[in-house]
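Before any comments, here is the structure.
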Amino acid sequence: MDNEYGCTAFFITAVVIETESIKKLYNSWKRVRIPGDSQEYYESSFEKDGKSYRIVTAQQSVMGMTAASVLTMKAVQEFNPKYIIMSGIAAGTGDEAKQMYGDVIIPDVMWDYSRAHVPFIPTPKFLK
């Protein structure tokens with residue numbers, strides 16, 4: 001791991017299915033406790049090409065941009081990650097035949113889920 005950072009990657013999730021999917025990546029997760037913080041953090045590590053990599057994950061307490069922002073701030077403060085990655089299910093949108101687990105999805109439209117309910121779901125565009 002790069003000594004400049006506390007961990008290589010910090011994975012943020014919003015719902016249980018996302019958290020469980022991240023935890024399936026490695027077997028050796030252990031809980032990390034931060035004094036004064038009730039958030040549940042889990043860390044694991046792996047080696048590749050003689051280098052050690054530490055990864056940390058946590059699930060937001062609720063869905064939404066505010067919770068994501070708060071968890072991101074705490075991740076930076078406590079773990080100083082090189083990368084912050086938000087893993088998600090893209091609100092369950094899209095054609096299941098085109099959208100597969102592990103696909104990288106980059107939106108061209110975003111909305112603030114925590115401000116109001118969106119009465120429609122825009123049709124996603126798939127790049128090839």
Side-chain angles (χ1 to χ4, degrees):
M1 179 176 64
D2 192 333
N3 291 333
E4 181 179 351
Y5 300 98
C7 68
T8 304
F10 189 100
F11 289 90
I12 295 175
T13 60
V15 295
V16 172
I17 191 170
E18 298 165 356
T19 304
E20 290 173 354
S21 295
I22 293 294
K23 286 185 170 182
K24 287 179 184 176
L25 295 172
Y26 303 98
N27 294 324
S28 60
W29 292 97
K30 68 177 186 173
R31 184 163 181 199
V32 177
R33 296 182 188 270
I34 306 296
D37 186 357
S38 62
Q39 177 70 51
E40 291 187 9
Y41 301 97
Y42 293 90
E43 71 175 353
S44 188
S45 62
F46 65 94
E47 287 192 23
K48 183 175 180 178
D49 298 329
K51 293 183 179 181
S52 179
Y53 299 91
R54 178 182 179 219
I55 55 176
V56 181
T57 188
Q59 181 179 319
Q60 296 172 202
S61 57
V62 295
M63 289 178 50
M65 292 176 68
T66 303
S69 297
V70 169
L71 185 52
T72 299
M73 183 269 314
K74 293 194 307 184
V76 169
Q77 181 177 344
E78 297 295 336
F79 298 99
N80 190 28
K82 185 171 186 176
Y83 303 104
I84 296 177
I85 302 165
M86 182 162 201
S87 173
I89 57 173
T93 64
D95 182 345
E96 290 183 21
K98 293 180 182 176
Q99 183 175 314
M100 304 295 294
Y101 285 113
D103 285 353
V104 175
I105 300 171
I106 302 170
D108 62 353
V109 175
M110 294 177 26
W111 65 90
D112 185 351
Y113 171 86
S114 58
R115 290 189 62 192
H117 177 72
V118 175
F120 70 95
I121 297 176
T123 303
K125 298 174 187 168
F126 295 91
L127 304 175
K128 297 199 182 225

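Because only heavy atoms are used, hydrogens play no part in the values below, and waters and symmetry mates are left out as well, while side chains stay in.
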Side-chain contact, heavy-atom cut-off 4.5 Å: Q39 with L71? yes
4.5 Å side-chain heavy-atom contact, F46 and T8: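 Not in contact.
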Taking salt bridge (Lys or Arg N to Asp or Glu O under 4.0 Å) as the definition, give me every residue that meets it alongside K30, ordered by chain and number, with sequence neighbours left out.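 Result, salt bridge (Lys or Arg N to Asp or Glu O under 4.0 Å) vs K30: E43.
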What residue pairs, at least two apart or across chains, pass ring pair (Phe, Tyr, Trp, His ring centres under 6.0 Å) with a residue in residues 57-87?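 As it turns out, the ring pair (Phe, Tyr, Trp, His ring centres under 6.0 Å) pairs with a partner in residues 57-87, which skip direct neighbours, are F10-F79, Y41-F79.
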Give, for atom [atom1] of [X] and atom [atom2] of [Y], the distance between the pair rounded to the nearest 0.5 Å.
X: I12; Y: I84; atom1: CD1; atom2: CD1; result: 5.5 Å
X: D37; Y: E78; atom1: CG; atom2: CD; result: 6.5 Å
X: C7; Y: N80; atom1: SG; atom2: CG; result: 7.5 Å

Evaluate V56 against V32 for side-chain contact (heavy atoms from CB on, under 4.5 Å), listing each step before the verdict. CA-CA 9 Å; V56 181; V32 177; 5.6 Å; no
Take atom CZ in R31; do more than 12 heavy atoms of anything else shown fall under 6.0 Å from it?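 Yes.
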Grab the two heavy atoms, one from [X] and one from [Y], that are nearest each other, plus how far apart they are.
X: P81; Y: V76; answer: CD-CA, 3.9 Å
X: V62; Y: A67; answer: O-CB, 3.2 Å
X: S45; Y: S28; answer: O-OG, 4.3 Å
X: E47; Y: S52; answer: CG-CA, 4.0 Å
X: Q59; Y: T19; answer: OE1-OG1, 2.7 Å
X: S21; Y: I17; answer: OG-O, 2.9 Å

For a side-chain contact (heavy atoms from CB on, under 4.5 Å) check, start with the C-alpha distance between Q60 and M86, then their side-chain angles and the critical distance, and finish with the verdict. CA-CA 10 Å; Q60 296 172 202; M86 182 162 201; 2.9 Å; yes
Listed by chain and number, what are the side chain to side chain donor-acceptor pair (under 3.5 Å) partners of T57, not counting sequence neighbours? none
Is there a path of hydrophobic side-chain contacts, each under 4.5 Å between heavy atoms of I/L/V/M/F/W/Y residues, joining F11 to Y26? yes
Would you say W29's side chain and Y42's backbone share a donor-acceptor pair under 3.5 angstrom? no
Ignoring hydrogens and geometry, is there a side-chain-to-backbone donor-acceptor pair from R54 to G6 under 3.5 Å? yes
